[in-house]
There are 4 protein chains.
Amino acid sequence: MRKVDHDSRRQEVAEAAARLIGREGLEALTTRALAKELGCSIGVLSHYFNSKEEIVIAAFQWADQRIDARMQEAIAGNDPHLDDFFPVIKAGLPLNEESDLEWRVRLNLHTFALTHGESLKTVREKDAQFRDLMLMMIADMQRKGRLRDDIDAQIVTDTAFDLVIGMAQNLVKTPMAGREARSEYLFGLIELLRPLSSNVAKSA
Amino acid sequence: MRKVDHDSRRQEVAEAAARLIGREGLEALTTRALAKELGCSIGVLSHYFNSKEEIVIAAFQWADQRIDARMQEAIAGNDPHLDDFFPVIKAGLPLNEESDLEWRVRLNLHTFALTHGESLKTVREKDAQFRDLMLMMIADMQRKGRLRDDIDAQIVTDTAFDLVIGMAQNLVKTPMAGREARSEYLFGLIELLRPLSSNVAKSA
Amino acid sequence: MRKVDHDSRRQEVAEAAARLIGREGLEALTTRALAKELGCSIGVLSHYFNSKEEIVIAAFQWADQRIDARMQEAIAGNDPHLDDFFPVIKAGLPLNEESDLEWRVRLNLHTFALTHGESLKTVREKDAQFRDLMLMMIADMQRKGRLRDDIDAQIVTDTAFDLVIGMAQNLVKTPMAGREARSEYLFGLIELLRPLSSNVAKSA
Amino acid sequence: MRKVDHDSRRQEVAEAAARLIGREGLEALTTRALAKELGCSIGVLSHYFNSKEEIVIAAFQWADQRIDARMQEAIAGNDPHLDDFFPVIKAGLPLNEESDLEWRVRLNLHTFALTHGESLKTVREKDAQFRDLMLMMIADMQRKGRLRDDIDAQIVTDTAFDLVIGMAQNLVKTPMAGREARSEYLFGLIELLRPLSSNVAKSA
DNA sequence: AATGAATGAGGGTTCATTCAT
DNA sequence: TATGAATGAACCCTCATTCAT
């Protein structure tokens, strides 16, 4: 069978595993439960993964990549505007059933990584990349006068990064109906970053 | 009767369980491992807890209460000043080995709660209480002119709450040495909350 | 403490154990459950019995002796009449709550004995004694013309013995309300043993 | 799929469990002991049974059905004769090693049922069916003049039923060598049921 | 004499993994 | 490829027993 099929099957398994993790927790991800979720036999799993740990990692990656892709989609191009900020962040938050699942899995990953060095390393590398990207965008906006430059770019980055993680963590424990409202305040926060001149211009 | 304080023994067990969770993860908390960590036999555990689940809950509570107590300690009285804000929040963050353990356990709890309704309910209730308390303090400070009142108190609360969770989540994955520096930016943020007059006064 | 107290305490323990066996089965007789049933601590048991097996045996004996005593009570003297037969046997059957418990325990003993040589030996010896006594009584009655002598005494004994065990076994699984009626047929059976002459006399 | 007949494998497990119960008692039926008796690993058991309780029930049923089948085999047809009575009952008694095992297990079931409502219900239903069948056969024989009709059919049934249980209970505690002789008396008892006319004819 | 904390073997059960089919 | 029967280690928990108090 061709490689592409093999890979797409791996993704199916990873997604099913992610569903199980999101719905019932990492401890509920057993080979039997996964086979049932997939509607196949236990033995199939070992054709695509060498161990359960590989499956767990794949499920984590599946969720992670989907959150990233979701945000990437919301980023227009390489010429960032402050007005893009809110949509992009919203795209990264668990504000619908799909991203809710992804975040549940990602939070499992983060907790998992606390005591699993390999995963921790991966998580930290990814985080660092993301933060670097963010930092560059913010500095770029400051250079272009789209974001007030009297606040250190690094501080804005750190704040935004921590805030998003914390928001996601808290939103995912909130009923879906109230999440939009709960995250609305971010909009006001972002306004604080607008350069004073344009601020005035806007409010005028 | 042998002289044993039942409650304090329960706390010892809960603490040992928390150590295991923090060090090796929730999955590593087995009765055997716990007995070993405690330096006693397996059977002891059932004297103090009816099930492993009870032990897990106790460990979660142990950590939770310690973080709360740590913050409580840092709160001077019921007459809050903005200058207390940073120390209080710092007291709540994982900035030393002790609170690092507590936060590792708490993060395990939060992930656990995602798929365990009972725990989720408890977590949400605790969060709600904490947010209410925070909201009242902030509003109080606004009334007393110690915090700028042109920002909605609820927004400040939500921001602070999400930010702290997110910071903790990220700090705990950072080497201890860099954590103080990494959390320093909060100081600047809090300055933004200072009333303009006093801000001027200060900067003057 | 005096011997008599020690012995009476043993009896209390044995009775409590019997209650547990009768109510919930032999497997439910644990040291914890027994201590609770007695309203004392676990440690007490080891003052009166060296092992749980001893307790089990004592419970079995307690029930056995009560059934025997109940029958003994119903036997007038050493000059047996056929008219005594039915009352005596009825006294030996589980026809009220008290004897129901005793029989439940005895049936547990009999099943236990199937795979416990020591107990089997005891049971068989007791059975043999009882059958010998019965045989002598029946032969005596035959000699005195109170029981038809055209049936072998040994056969009557064997029948009666098997029948009583079987009745008890079946009665104990029947609701208490129906047991008297269910055992009534024995009366008719005993009439069959009446010598033909007295039979005629009676029916005349 | 490996070629394994699921149902027949269940029967194998049930039989092995029955052997253990018969040989060492219900308490000796542990999963580990059963796996050893079967010559397989512990995990196999959970492929065929969801719990140990299911295994116990299956073992009980296995024994029960074998006793029933043994008796069924001995029943010629639907036209019962008194001369069939003894062979049929003998077929139901523990007079060889095979039926000895079955009865040991059945007696364990009966004692088990005393404190396990579900099993009790099953046992009582089966008993009731058997007694109904017996009653009909006896009444049939009376109608056809093959069994004296001056004794109530119900009484004969009750007697026979109690007697068989009692005999089995007592035989199984008797060395195999003596059992045939011990049960011989039943033959004489059955003769008492023969209609007087044929009785006369026979004795003449 | 009485208590109940402590022990650790052994209970039923679940699990990831292997492998003959 | 795909199946699911088989494995046995490890899980949580209960147990009879011991023993310091």
Side-chain angles (χ1 to χ4, degrees), chain A residues 1 5-6 9 27-36 38-56, chain B residues 1-6 9 27-36 38-56, chain C residues 1-2 5-6 9 27-36 38-56, chain D residues 1-6 9 13 27-36 38-56:
Chain A
M1 192 167 279
D5 288 341
H6 194 268
R9 202 86 166 86
E27 83 209 1
L29 176 57
T30 67
T31 49
R32 275 165 190 73
L34 182 52
K36 198 171 190 176
L38 270 167
C40 70
S41 69
I42 298 173
V44 167
L45 304 176
S46 55
H47 282 296
Y48 300 102
F49 295 93
N50 291 319
S51 71
K52 189 192 159 185
E53 195 183 337
E54 273 191 13
I55 296 176
V56 172
Chain B
M1 194 200 330
R2 288 190 197 167
K3 203 162 58 190
V4 183
D5 182 357
H6 197 82
R9 201 82 169 86
E27 83 210 359
L29 175 58
T30 68
T31 50
R32 281 164 184 74
L34 182 51
K36 200 169 193 176
L38 270 167
C40 69
S41 68
I42 296 171
V44 166
L45 305 176
S46 58
H47 282 296
Y48 300 103
F49 295 92
N50 291 320
S51 69
K52 190 196 160 185
E53 194 183 335
E54 273 190 13
I55 296 177
V56 171
Chain C
M1 189 167 280
R2 289 166 324 186
D5 288 341
H6 194 268
R9 202 85 166 87
E27 82 209 359
L29 175 58
T30 67
T31 49
R32 274 165 189 74
L34 183 51
K36 197 171 191 179
L38 270 167
C40 71
S41 69
I42 297 172
V44 167
L45 304 177
S46 56
H47 282 296
Y48 300 103
F49 295 93
N50 290 320
S51 71
K52 189 194 160 186
E53 195 184 336
E54 273 190 13
I55 296 177
V56 171
Chain D
M1 188 198 334
R2 288 192 200 168
K3 204 163 59 192
V4 184
D5 180 358
H6 199 81
R9 201 83 169 85
V13 176
E27 82 209 2
L29 176 58
T30 69
T31 50
R32 282 160 182 75
L34 181 52
K36 201 169 193 176
L38 270 167
C40 69
S41 69
I42 295 171
V44 167
L45 305 178
S46 58
H47 281 297
Y48 300 102
F49 295 93
N50 291 319
S51 69
K52 188 194 159 186
E53 195 184 334
E54 273 190 11
I55 296 178
V56 172

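Each chain gets a letter, A, B and so on, in the order its sequence line appears, and its residues count up from 1. Because the structure is predicted, anything quoted here is derived from the model rather than measured.
- To the nearest angstrom, P of E:dT7 lies 15 Å from NZ of B:K36.
- Residues D:G39 and B:S51 each lie close to DNA chain F; by heavy-atom proximity, the contact nearer the 5' end of the strand is made by D:G39.
- Atom CD in C:E27 sits roughly 12 Å away from atom P in F:dA16 (whole-Å rounding).
- The structure places SG of A:C40 at 5.5 Å from CZ of A:R9, a figure rounded to the nearest 0.5 Å.
- Of the side-chain N and O atoms in C:T31, none sit less than 4.0 angstrom from OP1 or OP2 of F:dC15.
- With rounding to whole Å, A:L38 atom CG is found 13 Å from F:dA2 atom C1'.
- Summarising the geometry of C:A33 relative to C:A28, their closest heavy-atom pair is CB-O, 3.7 Å, with the distance given to 0.1 Å.
- Within the 4.0 angstrom heavy-atom criterion, only backbone atoms of the sugar-phosphate kind lie near B:L29; the bases stay farther away.
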Are any protein N/O atoms closer than 3.5 Å to N/O atoms in nucleotides 8-10 of chain F? If there are, list each pair with its distance.
residue	atom	partner	partner atom	Å
F:dG8	N7	D:G43	N	3.4

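- In terms of heavy atoms, B:H47 sits closest to B:H6 at O-CE1, 3.5 Å.
- The nearest whole Å value for the distance from the CZ atom in B:F49 to the P atom in E:dA6 is 13 Å.
- Between the CG atom of C:L34 and the C1' atom of F:dC15 there is a distance of 14 Å, given to the nearest Å.
- When rounded to the nearest whole Å, the span between NZ of D:K52 and P of E:dG10 equals 15 Å.
- In this structure, OG1 in D:T31 is found 13.0 Å from NZ in D:K36, a value given to the nearest 0.5 Å.
- Regarding D:L45, its CG atom lies at a distance of 10 Å from the P atom of E:dG12, rounded to whole Å.
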#### Entry: Dot-bracket encoding of pairs in DNA chain E, which uses [ ] for pseudoknotted crossings and | for another strand, Watson-Crick or G-U under 3.5 angstrom
.||||||||||||||||||||

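- Phosphate contact (OP1/OP2 of E:dG4, side-chain N/O of B:Y48, threshold under 4.0 Å): absent.
- Side-chain contact check for A:K52 versus A:L34: every heavy-atom pair is 4.5 Å or farther apart.
- Atom CG of B:D5 is separated from atom C1' of E:dA5 by 13 Å (rounded to the nearest Å).
- Ranking E:dA6, E:dT17, F:dA6 by closeness to the B:H47 side chain, first place goes to E:dA6.
- Taking the side chain as every heavy atom from C-beta outward, A:L38 and A:V44 never approach each other to under 4.5 Å.
- Atom CZ in B:R32 sits 11.0 Å away from atom CG in B:L45 (nearest 0.5 Å).
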